[in-house]
Every structure is written in C-alpha cells, then in structure tokens.
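So that the names make sense, note that chain A is the first sequence line, chain B the second, and so on, each numbered from 1.
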Amino acid sequence: MEYAGRMIDAGLQLLDRQIIDVNGEMAGNVDDLELTFPGEGTGPPIVTAILAGPGALSRRIGGRLGSWLESVHERLHPHPDPGPARIPFGVVKKFNAAVELTLPRAELEVDRLEKWVRDTIISKIPGAENEAATEEGG
Amino acid sequence: MRLTDVLGSEVIDSTGRKIAVVTDVRLVQDGPILGELGAAFRVHGLVMGRVSMGAHMGFERRNVRGPWLLKRFFALIQGTPHYAEWELIRSIEPDRVRLRVRGEELRVAEPPR
Amino acid sequence: MKRILAITLGILTAIGGFVDIGDLVANAETGARFRMSLAWVVVVGIIGIIVYAEMSGRVAAVSGRPVFDLVRERLGARVGLTNLIASLFINFLTLTAEIAGVALALELASSVNYLLWIPVVAFLVWIVIWRVKFETMERIFGLMGLMLIVFGVVVWRAHPDWGSLIHGATHPSLPRGEGLPTYCYFAIALFGAAMTPYEVFFFSSGAVEERWSPKDLNVNRANVFIGFPLGGAISLMLMAGASIVLAPRGISVGTLSQVALPTTVVLGKIGLAVLLVGVFAATFGAALETGLSAGYIVSQYFGWQWGKFVPPKKAPRFHLVVMVSIALGALLGLTTLDPIKVTEYSIVLSAAALPLTYFPILVVANDPDYMGDKVNSKVMNFIGSVYFVILVVISVATIPLMIFTKAGA
C-alpha cells in the first residue's frame with residue numbers, strides 16, 4: 001500500500017532523544033511514548049504523548065533502582081498516584097537529532113525536580129542569576 | 001499503552017510458535033491532525049528480530065553505509081529483521097504479541113525510507 | 001590572535017588526557033623503568049584520541065548533540081545507565097586524584113602539607129566552574145599548562161644520546177627485572193590514559209558550549225590535530241627525561257617530587273618553578289575537566305539542562321552534580337588515600353569502560369540523518385573500527401592483567 005505520510009521507526013528515531021523547548025532549552029529525554037487506541041473500531045494506536053522523567057524512566061530501568069526512582073517521582077508529586085509526566089504529542093514541532101517543542105519548558109509537567117533543586121539549593125548561592133563573567137572583545 | 005511495553009515482547013505466530021521478539025515499532029504519519037506537527041503518527045507495523053538488545057543502532061537502514069565491521073557484526077546477531085503490518089496482528093498483550101499468520105508468511109523488513 | 005586561541009579547547013582536553021596527575025606519574029615511571037620501550041603506545045594513543053575526538057567534535061558541531069546524548073540514544077536506557085554509573089565512578093576517582101594533584105603541586109611549591117591545600121583547591125575548582133566563562137577558563141589553563149613544554153627543554157639540555165633514545169623507542173625491549181605481563185599492564189595504562197572517556201565527554205560538550213556549527217568543522221580539525229599531538233609530545237618528553245635521568249640511576253617514581261627530579265637536575269630551580277606552574281595548571285585544568293564531565297554526563301543522560309553557557313539558575317541540577325562531585329572528591333582525598341595509586345586504578349578501570357563510550361560515537365558519525373553529508377569517510381571508518389577492536393581487546397584484558405601483575409608492582 002502507498003502511504004503519503006512520513007514513516008519512522010519509533011525506537012530508533014524518537015525514543016531516548018533529547019527534548020528541546022521553544023526557547024532552545026533542554027526539557028528532558030523521550031523516556032517513553034504513550035500509545036492510545038482510537039475510540040471505536042479496531043484501528044492501530046496513535047502516538048498521543050511523550051512520557052518523560054523519573055515516572056517514565058523507572059519502568060525502563062526496572063529492578064530495585066527503577067522502584068527507587070519511581071518513589072522519588074511520587075514523593076515530588078502533590079497527587080497520591082501520579083502517572084509519568086506527559087508532553088502531549090501535539091506540542092511537538094519537529095524532530096531529527098532532537099525533539100523540538102512549541103512550548104517553553106516552564107509550561108510542561110517535566111520541570112518539577114528542576115524547580116525544587118533551583119529553589120532549595122542553587123538560588124541560595126550568590127551569582128546564580130548571572131551569566132559567567134564575560135570577556136569582551138578578542 | 002506505552003511504547004516500551006511493546007518493545008522486546010515475544011512474537012507468537014498463528015501456530016503458537018515464538019518466532020521473534022519486537023525490536024521496533026514503525027509509525028506512519030497519517031492520523032488525525034494534531035497540532036503544528038500536522039497529522040498524528042499511527043502504528044504501521046512491528047519490526048522483529050532474533051534478539052532485542054534495547055539498543056538501537058540503525059544499521060539496517062539503507063542509507064547508513066558503515067562502518068562495515070559493525071554492520072556485519074550486528075547483522076550476525078540480529079538475523080534478518082522481519083515485518084508485520086498492523087492488520088496481521090491479532091492481539092497485543094503484556095510482553096506478548098500474537099499474529100494472525102504464520103511466521104513464514106512475514107516479509108523481510110525494509111528500512112522505512 | 002583569536003584564530004590561534006581557537007584551539008585552546010583541544011589543548012585543554014589534551015592536557016587532561018596526556019599530562020594530568022596520573023599521566024605525569026605514569027609517564028615518568030614508565031620512562032624510569034622501561035626507558036623508551038613504551039613510547040609507541042603513546043603514539044598509538046594519540047592517533048586513537050585524534051580520530052574519536054574529531055568524530056565527536058564533528059557530531060557536536062553538525063547536530064548539537066554531545067557524546068552522552070548519543071550513548072543514551074544508541075545503547076538505550078539500561079545499558080546507557082550502566083555506562084553512566086561506570087563512567088561516573090571512574091570520573092570521580094580521577095577528580096579526587098586531580099584535586100589531590102593540585103594540592104601536591106602546591107605542597108612542592110610552598111612546603112605546606114597537601115592535605116591542607118585540598119579544601120582550598122576544591123573551593124577554587126568549584127568557583128571557577130561557577131563563575132568563569134568557559135572560553136576564558138579554557139584559554140587560561142590550556143595555555144598555562146603548555147608550560148610543561150619545559151620537559152622538552154629538559155631533554156634538549158641534557159644532551160642525551162639521541163641515537164640510543166630513538167633506537168630505544170623504535171626497538172621496544174624488556175629491561176632486566178621486568179616481565180611481559182607488567183609491560184602489557186603499563187601499555188594498557190598508557191593507552192587508557194590517552195583515550196579516557198572524559199576527554200570526549202568534555203571535548204564534545206565543550207564544542208556545544210562554544211556553539212560550534214557546521215561552519216566550525218575546520219576549527220574542530222585544528223583543535224584535534226594540533227592539541228592532542230602537542231599533549232602527546234609533552235608526555236613523550238617527560239618519558240624521555242625520566243629515561244635519561246632516572247633510569248640509569250635506578251630511581252623509580254612514586255611521588256610528584258620524583259616526577260620533578262629530572263627537571264631539577266637539568267634546569268635547576270628555575271626549571272622547577274616553571275614545571276610547578278605547568279603542573280598546577282595541568283592538574284587544575286584536569287580537575288575542571290572531570291568536574292564538569294560529571295555534570296555533563298549525568299545531565300545528558302537524563303536530558304536535564306546543562307552547561308556553563310546558561311546562568312546557573314537555569315541549570316540547577318547540573319551545577320548540583322558538579323558541586324557534589326567536587327565535595328566528595330575532596331573528602332576522599334582527605335582520607336589520605338594515595339592520590340597516585342587512585343589515579344592508576346582509575347586509568348586502568350576506564351580502559352575497561354572504553355568500548356561502551358566509543359561505540360555510539362562511531363555509529364552516529366555514520367548516520368546521515370544526523371550528519372547529512374558529513375558522515376565518516378571510508379578511511380575514518382577503517383581506522384575507527386581498528387581502534388574499536390583494540391579497545392574491546394584491552395577492555396577484556398585489563399582486569400585479569402591488573403590482578404595478575406598486582407597492578408604493575
């Protein structure tokens with residue numbers, strides 16, 4: 001059958017790729033993909049979201065390390081039984097070597113641990129806001 | 001369902017034999033419109049091989065031309081990858097995929113491009 | 001001037017690879033015990049790191065992705081994690097040794113015990129990473145480290161029998177009292193030191209820090225083809241100096257002052273002063289390199305924001321990893337663990353982890369979706385594959401050899 005649409009292999013080209021937000025900042029890795037079966041009928045599932053963060057990574061690592069990671073994720077989350085952090089696939093702009101999004105990092109669920117470390121530790125150290133000392137000219 | 005639930009699953013054909021493991025999931029961009037990307041990606045079929053190493057090299061792709069040593073080595077380990085379109089799949093269960101057809105009826109996997 | 005300074009990334013990386021504290025001791029010890037019989041290993045190592053650093057720099061320039069992104073992508077989350085843990089462990093031991101190495105250099109210069117210097121050094125390393133611009137850091141420590149060219153001056157002023165030096169290098173032989181397994185052990189240690197993974201972690205991340213683009217492929221090549229041979233040449237001069245001064249007297253090397261002996265003997269106090277500045281810069285540079293590498297590889301595995309090109313507030317987890325690594329390294333150093341022995345173990349262990357790091361680089365450098373038309377040439381692939389096989393062989397041989405020779409005793 002002829003398909004007009006682009007064809008890719010998900011494991012090779014999407015999985016484990018760096019995610020970059022609309023401002024060029026790094027927003028995690030594609031730790032997993034969410035596949036959803038369409039409502040009625042028995043058509044093939046659609047990629048509906050990227051799953052990222054410890055909630056998603058824990059399942060792939062498995063074993064004791066994975067369960068520990070899962071508990072870290074749950075502890076950081078206000079809800080009692082959180083699923084992994086989700087980035088709806090509609091937010092993806094394009095992907096090649098990395099996956100580029102149309103939204104800034106702050107609007108995504110994945111920023112939780114980053115915010116905690118920033119607010120609890122890094123912000124307390126002088127110089128945290130500044131760009132490193134610049135060298136003019138040359 | 002998650003992608004990694006499917007990757008590495010055993011593939012059982014219509015006679016009940018385990019014939020391979022799922023090494024990758026091929027997607028085609030022909031679903032309903034979904035944001036700036038355009039059409040959503042739908043599962044087109046499953047790529048399968050002898051072993052699932054959790055590693056994705058990309059050597060089987062036609063436009064990757066080397067290095068010769070590594071290509072040969074992984075071809076040896078993986079065997080020839082085969083492909084099952086979605087229509088040939090009967091069910092997807094935890095760690096197991098069942099086909100409607102016999103293993104011999106599957107065609108050899110071609111790179112997606 | 002700026003064009004000349006553009007290669008300081010390569011120089012600083014090479015310094016970490018060829019003349020950090022571990023290499024200083026290893027090369028001096030090798031020269032003292034085996035004269036020039038292991039010089040060829042350094043040359044083989046130089047070629048290997050040139051090839052792989054060029055690939056990793058090219059990948060970073062064309063795709064913006066540093067080495068550990070590739071490790072995760074091609075090896076998967078699980079094997080990638082194994083590599084991360086192994087690399088972090090080795091990195092950590094090296095960082096500990098470098099911090100102690102800087103402290104030892106300061107002890108030689110000041111007669112203040114090195115243990116007292118360790119916390120000071122740790123703080124300085126951290127503050128440079130926190131505040132100093134990447135390019136500035138690279139230039140200062142790269143260029144200051146080049147003072148180690150004093151080793152070449154030592155050899156020249158010692159008026160050696162050049163004929164026998166070159167003969168010794170081209171006709172490797174086992175001196176009396178040394179066995180073949182020990183020879184192989186030292187060969188692996190020297191080769192592992194030349195191709196330590198943190199060099200490509202640092203080099204490729206540095207390329208992204210410096211915002212290299214496909215236009216910078218010549219800069220990449222210049223860095224690699226000038227920086228690493230320079231570093232390798234310095235380490236060969238060190239080996240030669242030890243071979244000329246220490247070997248005939250049967251002096252073996254275990255401390256930094258013994259490394260410095262040939263220089264003191266031939267060039268006196270001035271030579272020693274220059275040497276100490278060079279050693280300080282080289283080990284401090286290597287400490288920066290390993291400290292940053294810890295942050296780079298953890299962040300790149302998990303996909304966190306990393307880099308000195310953003311304010312620390314924008315990369316909090318990266319900076320936390322760096323801080324913790326430096327602190328732990330200082331603590332381990334304060335336990336009075338012999339920093340030289342620590343480095344020897346870390347070099348040899350890193351030899352075991354080499355294939356996992358270099359394999360993804362070789363694979364991605366061939367991927368046209370990543371590289372467009374900048375994929376490896378057939379020649380590159382041939383050399384890269386040959387070296388990859390060498391790495392696998394070494395990786396398999398390392399631990400048994402280490403046990404068998406009791407770590408080169």
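- Interface residue F74(B): only side-chain heavy atoms are found under 4.5 Å from chain C.
- The residue among V364(C), L362(C), N381(C) with the most heavy atom pairs within less than 4.5 Å of chain B is N381(C).
- A 4.5 Å side-chain heavy-atom check between S385(C) and L70(B) finds every atom pair outside the cut-off.
- Put simply, the side chain of P67(B) does not reach to within 4.5 Å of the side chain of N376(C), judged on heavy atoms.
- Residues F388(C) and L69(B) are not in side-chain contact: their nearest non-hydrogen atoms beyond the backbone lie 4.5 Å or more apart.
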